[in-house]
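Report on the structure given below.
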Amino acid sequence: PIEFVWIQGIIAHLDADAREMILDDGTDTLLVSTEDLVQGIHDISIGSYVMIQGIVIVGEDDFGKVVLVRARLLYDLSPSVTSDVNMETLWQYEVMESLRDF
């Protein structure tokens, strides 16, 4: 099973105190908890393009399996922060290149 992930995507939903978010990586959405951040930016908003590294937690609720990522690191990669408008496009190529090595 996967225990640690590195994801980049757009924040689709952010709760009022920024402790949980829904991240859209272009393939699906994922619930992310930011309560355990070791390093990161707490000044994020809906629409921000972020990179998250975290631990995968799998559980169950009344509706079935629930997957949560408990973020340890969070970086805002939005063009206004990084000055690189190609960050999201480059990520797709980084993933394809890393898959070649498997």
Side-chain angles (χ1 to χ4, degrees):
I2 298 172
E3 296 177 5
F4 191 81
V5 292
W6 179 350
I7 310 165
Q8 290 186 13
I10 296 171
I11 298 173
H13 175 79
L14 190 61
D15 70 357
D17 57 1
R19 291 181 181 261
E20 286 189 348
M21 69 176 74
I22 295 178
L23 188 70
D24 184 344
D25 75 347
T27 63
D28 205 350
T29 58
L30 183 65
L31 181 61
V32 177
S33 169
T34 58
E35 291 185 46
D36 297 331
L37 281 179
V38 173
Q39 180 178 359
I41 299 171
H42 298 273
D43 219 14
I44 51 176
S45 59
I46 293 174
S48 294
Y49 184 72
V50 296
M51 183 275 294
I52 292 173
Q53 292 180 6
I55 299 164
V56 177
I57 307 295
V58 179
E60 291 197 22
D61 65 8
D62 295 338
F63 303 104
K65 187 194 260 187
V66 176
V67 178
L68 165 80
V69 172
R70 188 170 277 155
R72 304 290 290 166
L73 302 173
L74 184 150
Y75 296 101
D76 190 349
L77 301 177
S78 301
S80 60
V81 175
T82 64
S83 73
D84 187 349
V85 296
N86 298 313
M87 195 66 73
E88 185 173 358
T89 304
L90 291 173
W91 175 245
Q92 295 171 9
Y93 289 108
E94 287 179 41
V95 170
M96 288 188 316
E97 183 176 320
S98 69
L99 290 175
R100 282 190 326 192
D101 297 334
F102 283 102

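F4 and L73 sit in two unconnected hydrophobic clusters of ILVMFWY residues. Membership requires side-chain heavy atoms under 4.5 Å apart, directly or through other members. Hydrophobic clustering of Ile, Leu, Val, Met, Phe, Trp and Tyr side chains at less than 4.5 Å, counting indirect connections, keeps V5 apart from V66. There is no path of hydrophobic side-chain contacts, each under 4.5 Å, that joins I55 to L30.
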What do the steps show when you test V67 against V56 for side chain to side chain contact (heavy atoms under 4.5 Å, CB included), and what is the final call? CA-CA 7 Å; V67 178; V56 177; 4.0 Å; yes

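Listed by first then second residue, pairs satisfying salt bridge (Lys or Arg N to Asp or Glu O under 4.0 Å) with a partner in residues 58-70 read D36-R70, not counting sequence neighbours.
Going from atom CG of L68 over to atom OG of S33 covers 5.5 Å, rounded to the nearest 0.5 Å. With rounding to the nearest 0.5 angstrom, the OG atom of S48 is 9.5 Å from the CD1 atom of I10. Rounded to the nearest 0.5 angstrom, M51 CE and W6 CH2 are separated by 6.0 Å. The structure places OG1 of T29 at 11.5 Å from NE2 of H13, a figure rounded to the nearest 0.5 Å. Atoms CD1 and OH, from I44 and Y49 in turn, are 14.5 Å apart once rounded to the nearest 0.5 Å.
Distance alone, capped at 3.5 Å, is enough to place a donor-acceptor pair between the T34 side chain and the R19 backbone.
Side-chain contact between Q8 and L77: present, with at least one pair of heavy atoms (C-beta onward) separated by less than 4.5 Å.
The heavy-atom pair separating I22 from L31 by the smallest distance is CG1-CD1, 4.4 Å. Contact record, D24 with A12: CB-CB, 4.5 Å, taken as the closest heavy-atom pair.
Residues forming a side-chain contact (heavy atoms from CB on, under 4.5 Å) with L23 (at least two apart in sequence, or on another chain): I7, I11, V32, V50, I52.
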